[in-house]
2 protein chains.
Amino acid sequence: MSDIEIARKANKKPIQEVGAKLGIPSEHLLPYGHDKAKVSAEFIKSVADRPDGNLILVTAINPTPAGEGKTTTTVGLGDGLNAIGKKAAICIREASLGPNFGMKGGAAGGGYAQVVPMEDMNLHFTGDFHAITSAHNLLAAMIDNHIYWGNTLDIDVRRVAWRRVMDMNDRALRQITCSLGGVANGFPREAGFDITVASEVMAILCLAADLDDLKKRLGDMIVAYRRDRSPVYCRDIKADGAMTVLLKDAMQPNLVQTLENNPAFVHGGPFANIAHGCNSVVATKTALKLADYVVTEAGFGADLGAEKFFDIKCRKAGLSPKAVVIVATVRAMKMNGGVKKDALGTENVKAVTEGCANLGRHIENVKKFGVPLVVGINHFVTDTDAEVQAIKDYCAERGVEAILNTHWANGGEGIKETAKKVVELCEGGKAAFKPLYEDGLGLFEKIETIAKSIYRADSVTADKKIKDQLKQWEEAGYGNLPVCMAKTQYSFTTDPNWRGAPTGFDLPIREVRLSAGAGFVVAICGEIMTMPGLPKVPSAEVIGLNANGDIEGLF
Amino acid sequence: MSDIEIARKANKKPIQEVGAKLGIPSEHLLPYGHDKAKVSAEFIKSVADRPDGNLILVTAINPTPAGEGKTTTTVGLGDGLNAIGKKAAICIREASLGPNFGMKGGAAGGGYAQVVPMEDMNLHFTGDFHAITSAHNLLAAMIDNHIYWGNTLDIDVRRVAWRRVMDMNDRALRQITCSLGGVANGFPREAGFDITVASEVMAILCLAADLDDLKKRLGDMIVAYRRDRSPVYCRDIKADGAMTVLLKDAMQPNLVQTLENNPAFVHGGPFANIAHGCNSVVATKTALKLADYVVTEAGFGADLGAEKFFDIKCRKAGLSPKAVVIVATVRAMKMNGGVKKDALGTENVKAVTEGCANLGRHIENVKKFGVPLVVGINHFVTDTDAEVQAIKDYCAERGVEAILNTHWANGGEGIKETAKKVVELCEGGKAAFKPLYEDGLGLFEKIETIAKSIYRADSVTADKKIKDQLKQWEEAGYGNLPVCMAKTQYSFTTDPNWRGAPTGFDLPIREVRLSAGAGFVVAICGEIMTMPGLPKVPSAEVIGLNANGDIEGLF
């Protein structure tokens with residue numbers, strides 16, 4: 001059965017029953033249909049003084065075309081922890097609408113480790129992304145309106161930094177000229193659209209502690225510059241209050257369920273390149289107040305995802321993760337060992353062992369953050385015992401346990417051993433989380449620390465212009481911010497085809513950006529696309545309702 | 001107390017209790033929070049064979065700056081009918097988000113005749129407009145994507161008729177050049193954005209019988225032309241299926257409640273100029289299956305709103321209204337009688353009587369559709385008895401009863417007399433609805449019929465180019481469509497300052513447009529703005545959350 005067929009057969013419980021597992025009274029669950037709900041801000045406030053449960057991060061090796069199953073493992077582990085009698089919840093990101101009309105939409109997990117309702121989660125869900133789009137574009141409209149009515153803030157129309165957003169893959173909007181058509185339409189200028197998940201508002205929603213913090217951060221955003229290069233803030237445009245109103249409901253985390261009816265928070269979905277790629281702090285913190293074990297994931301492989309999870313999300317939100325699961329597969333190890341995609345079905349123990357170099361480096365990296373870890377091998381039907389054993393042996397030599405999981409086929413039952421190991425790591429008192437670098441380190445030195453310590457670059461190069469810009473931000477008081485690396489997810493280097501555990505390379509920084517509201521400096525190493533396009537035959541062409549009213553073609 | 005203060009003190013019932021009044025089982029109410037729900041498509045299908053209740057239209061004189069209270073009367077009459085023991089529901093339109101950030105947001109009704117929750121209805125509500133925005137813009141992205149990948153449909157890039165939409169007042173987007181920035185971004189061309197309520201998708205959602213009809217109508221939309229002027233349809237782009245998927249939930253009508261806990265359907269909100277300005281057919285038909293009396297309204301005054309309600313909505317949906325309430329106020333009659341806004345507080349019986357000419361013409365017009373009517377005088381505190389009596393006398397001379405209503409101050413209790421009269425009209429068997437013109441009449445003749453019979457123009461002028469265009473559409477098979485007039489709402493003429501009951505004027509047709517999916521030909525008489533701008537000091541600047549978390553500045 002396909003993921004969508006399994007999802008449609010799910011024996012979903014009313015969301016109130018799922019909430020009850022976490023002790024959320026039904027009046028504090030704001031339902032969206034019968035199988036989705038938001039947890040009320042009042043209830044979240046009421047549990048603020050409770051002790052926190054154990055936070056577990058699921059991360060992975062560098063992604064390969066073979067697929068690793070990070071979300072599947074996250075969902076499976078949540079079910080596995082429940083299966084061994086623990087009170088556990090999962091926290092994952094929301095899906096972006098636009099890309100689903102290009103390529104087939106992503107499920108939330110797969111096989112028997114999925115979150116439902118899958119259709120809704122790949123469409124409008126509870127409207128959070130629409131709210132972010134509205135808030136973002138209200139600010140854009142207010143900036144142009146300010147210029148139109150006299151521009152008392154003295155904005156340089158060539159230096160409006162705030163673009164517009166749409167949750168759609170629409171390359172035609174990447175670069176536009178707006179305000180054409182005469183006096184009544186404003187001052188013509190260059191502008192453009194990004195996809196909604198690239199909005200700084202999205203990053204802010206995912207990092208804000210509450211509505212007050214949200215408003216403050218929105219106000220802090222830099223939206224334009226004057227001719228003297230001094231910044232104009234969202235607060236100067238007076239848009240922060242109205243944007244907060246538009247985001248009021250979206251700030252409340254969404255509760256859904258796994259196929260095994262265990263609670264799943266699905267909230268927020270910032271880009272994992274120009275932003276930090278984690279679900280919302282509000283959802284994670286709420287889950288920690290309500291469950292003893294909270295399993296979450298981070299975008300891309302551990303070099304980007306786990307590093308940002310630790311250095312941005314955990315640092316800023318005061319979270320202290322207790323255990324990490326690094327997901328690997330036999331197939332992905334083979335690809336890292338040099339095997340082509342069409343040869344993955346043939347046993348090749350040597351390639352698996354060679355490819356484990358990639359896994360090995362992620363293991364070393366995660367250890368630097370002071371959090372104990374286990375490797376979760378996500379089982380594929382073509383894996384041979386010898387190949388699986390090769391990964392286990394490789395890890396054992398490095399003092400790390402690797403456990404084979406079959407949650408894809410068997411749900412929570414298939415991942416109980418890993419669940420028990422995770423509990424052991426959490427209870428063991430070994431976790432001593434610390435970020436990779438101190439707040440006080442210089443911005444360029446932070447970039448160098450990540451590049452050398454995590455990626456293993458020999459050097460980091462950047463133009464004088466970029467270094468000057470970083471210095472200037474330090475002088476303006478932004479020096480204490482963490483750095484958000486925007487790099488290809490496929491390699492430790494900036495070359496997406498360089499798999500394994502490369503050494504002897506330089507990391508060139510092409511551009512730096514300041515996300516003053518989200519609270520990080522983005523270092524861009526390579527091309528970053530913030531508005532995707534549709535392929536020649538977009539999946540939208542075959543998406544439709546069948547005779548039963550079911551959605552076809554979306555998955 | 002202000003409208004919002006009254007609304008916040010509302011003693012709202014759980015939406016399931018409101019639905020139960022209409023016999024909707026709670027499993028068929030898809031909740032959005034505790035006070036909003038969508039009625040499931042399955043349930044709607046299950047009641048299709050039930051007999052219809054009585055449909056009552058609330059319309060009004062030409063709007064004046066004094067305010068008439070059409071929605072207030074619609075809500076009040078629904079409560080009034082319930083107050084006299086009838087099973088009644090109301091059907092009104094959803095509010096557009098964007099304009100609320102320019103001027104203060106509109107309440108749904110006013111005083112003690114309101115629909116709640118007011119905040120939600122002026123913000124994201126149940127996400128219908130966001131779904132329309134997404135569906136509309138998916139088609140736009142697919143058109144440019146088709147051109148980008150080779151343009152096998154041979155679209156003339158100068159003749160892409162499908163603009164983009166955003167639910168925001170953003171004049172900078174009215175006219176743009178898109179696809180700039182080089183080969184990877186497509187072929188540069190002129191483009192632009194309208195506000196979402198101006199989308200043909202909105203008009204279609206409001207006229208479609210069900211999801212199959214929705215898909216067919218979406219497919220019928222003309223999105224571009226070739227160099228030989230032949231049309232390219234949405235169906236050719238293969239966007240109709242995916243758009244239907246995006247609109248699946250939005251097609252289900254929303255149920256909320258009045259301050260007196262009576263059921264209110266709030267669904268759809270097309271422009272009342274380039275579209276027909278009525279709530280959805282699905283909501284109206286569903287309400288008619290579930291209630292004995294259904295009160296609905298139409299946009300603007302009766303010359304535009306009622307005419308389109310009858311000639312477009314009722315004709316196409318097979319609805320047969322049983323009674324009409326024309327709303328008038330002493331203040332508006334005075335303005336029609338020549339009194340300036342700042343002198344409205346002073347008694348002026350003569351001006352009231354003179355201004356009644358406007359009301360008198362609407363009375364004559366409504367009679368032409370074969371539906372019995374009553375005039376509802378919406379009471380203002382400054383009205384004197386003599387002024388009210390002047391309206392009553394004027395109507396009595398024309399064989400029509402005019403009744404003073406105090407629902408604004410007293411809720412349903414204040415409009416029981418009108419409610420009883422409406423029941424009498426519905427039960428009287430006098431209603432014999434017929435549209436103003438036959439389907440088979442020529443398109444230009446349809447325009448002439450409306451202009452001469454409803455507006456009382458002496459003549460209709462149009463360029464040869466316009467007449468040729470109408471002929472061409474007739475030859476292409478669109479001759480049987482009704483006409484949708486886009487004219488100022490403030491006057492029977494095209495001059496917004498010409499109040500009362502003007503005669504001796506010409507109606508110039510500036511432009512005609514074909515809404516092939518919605519199923520009407522739009523005749524534009526004057527400037528029609530499809531993307532508003534924000535004022536110098538937009539209300540967004542003062543909108544925010546107060547210390548209690550309540551929204552301030554939106555109302």
Side-chain angles (χ1 to χ4, degrees), chain A residues 27 30-34 41 97 101 123-124 127 130-131 133-134 137-138 140-142 144-145 148-149 166-181 184-186 191 211 215 238-239 241-242 244-246 248-249 533-534 536 538 540-545 549 551 553-554, chain B residues 27 30-34 41 97 101 123-124 127 130-131 134 137-138 140-142 144-145 148-149 166-181 184-186 190-191 211 215 238-239 241-242 244-246 248-249 533-534 536 538 540-545 549 551 553-554:
Chain A
E27 66 267 28
L30 305 166
Y32 285 68
H34 300 296
L97 180 68
F101 297 101
L123 290 169
H124 308 291
H130 290 317
T133 304
S134 291
N137 291 335
L138 171 63
M142 289 177 76
D144 277 305
N145 191 58
Y148 176 83
W149 285 105
M166 192 183 275
D167 197 359
M168 196 57 67
N169 287 19
D170 192 348
R171 69 170 66 76
L173 294 178
R174 284 176 190 153
Q175 195 171 327
I176 68 170
T177 314
C178 69
S179 307
L180 300 173
N185 296 349
L211 286 171
K215 179 164 188 269
K238 298 179 186 161
T244 304
V245 166
L246 280 167
K248 184 174 183 269
D249 290 342
L534 291 170
K536 183 161 187 179
E541 290 190 5
V542 296
I543 292 174
L545 297 174
I551 297 166
L554 184 56
Chain B
E27 66 266 29
L30 305 166
Y32 284 69
H34 300 296
L97 180 69
F101 297 101
L123 290 168
H124 308 292
H130 291 317
S134 291
N137 291 336
L138 171 63
M142 289 177 76
D144 276 305
N145 191 59
Y148 176 83
W149 285 105
M166 192 184 275
D167 197 0
M168 196 57 67
N169 288 19
D170 192 348
R171 67 169 70 73
L173 294 178
R174 283 176 190 154
Q175 197 172 324
I176 68 171
T177 314
C178 69
S179 307
L180 300 173
N185 297 348
E190 289 183 35
L211 285 171
K215 180 165 187 269
K238 298 181 187 159
T244 304
V245 166
L246 280 167
K248 183 174 182 267
D249 291 341
L534 291 170
K536 184 163 188 179
E541 290 190 3
V542 297
I543 293 174
L545 297 174
I551 298 166
L554 184 56

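Naming convention: chains lettered A, B, ... in sequence-line order (proteins, then strands); numbering from 1 in each chain. Keep in mind that this is a model prediction, so the values were computed, not measured.
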J.: Answer with side chain, backbone, both or neither: which region of B:Leu123 has an atom nearer than 4.5 Å to a non-hydrogen atom of chain A?
T.: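 Answer is side chain: those atoms of B:Leu123 sit under 4.5 Å from chain A.
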J.: If you look at every heavy atom in B:Pro31 and A:His34, which pair is closest and at what distance?
T.: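 So the minimum-distance heavy-atom pair works out to CD-CE1, 3.7 Å.
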J.: With respect to chain A, which residue among B:Ser134, B:Pro538, B:Gly127 yields the maximal number of heavy-atom pairs within a distance under 4.5 Å?
T.: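 Among the listed options, the one with the most contacts to chain A is B:Ser134.
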J.: Under a 4.5 Å cutoff for heavy-atom pairs, which residue among A:Ile543, A:Asn169, A:Thr177 has the most contacts with chain B?
T.: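 Ranked by contacts with chain B, first place is A:Thr177.
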J.: Non-hydrogen atoms of chain A under 4.5 Å away: do they reach the side chain of B:Ala239, the backbone, both or neither?
T.: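 Neither; nothing under 4.5 Å.
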J.: Quick check on the interface: out of A:Ile551, A:Leu30, A:Leu138, who has the most heavy-atom pairs with chain B under 4.5 Å?
T.: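 The option with the most such pairs is A:Leu138.
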J.: Quick one: of A:Thr244, A:Leu534, A:Asp249, who has the most non-hydrogen atom pairs under 4.5 Å with chain B?
T.: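 Among A:Thr244, A:Leu534, A:Asp249, the one with the most close pairs to chain B is A:Leu534.
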J.: Of the listed residues (B:Lys248, B:His124, B:Lys536, B:Met168), which shares the most heavy-atom pairs with chain A below a 4.5 Å separation?
T.: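 Highest number of heavy-atom pairs under 4.5 Å: B:Lys536.
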J.: With chain A, which of B:Asn137, B:Asn185, B:Leu173 has the greatest number of heavy-atom pairs at distances under 4.5 Å?
T.: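 Maximum pair count with chain A is reached by B:Asn185.
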J.: For B:Phe101, which atoms come within 4.5 Å of any heavy atom of chain A: side chain, backbone, both, or neither?
T.: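 The side chain, not the backbone.
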J.: Side chain to side chain contact (heavy atoms under 4.5 Å, CB included) between A:Asp144 and B:Arg171: does it pass, once the steps are laid out?
T.: CA-CA 8 Å; A:Asp144 277 305; B:Arg171 67 169 70 73; over 6 Å; no
J.: Are there more than 12 heavy atoms of other residues, nucleotides or ligands under 6.0 Å from atom CD of A:Glu27?
T.: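 Result for CD/A:Glu27: enclosed.
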J.: What residue, out of A:Ala184, A:Ala191, A:Ala41, has the most heavy-atom pairs lying under 4.5 Å from chain B?
T.: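 Looking at each of A:Ala184, A:Ala191, A:Ala41 in turn, A:Ala184 comes out on top.
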J.: What residue, out of B:Asp167, B:Ile176, B:Leu97, B:Leu545, has the most heavy-atom pairs lying under 4.5 Å from chain A?
T.: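 Heavy-atom pair counts peak at B:Ile176.
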J.: Which one, A:Met166, A:Lys238, A:Gln175, leads in non-hydrogen pairs under 4.5 Å with chain B?
T.: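 When all of A:Met166, A:Lys238, A:Gln175 are compared, A:Gln175 has the most.
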J.: Please identify, among B:Gly186, B:Gly533, B:Ala131, B:Gly553, the residue contributing the most non-hydrogen atom pairs under 4.5 Å to chain A.
T.: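 Most heavy-atom pairs within the cutoff with chain A belong to B:Ala131.
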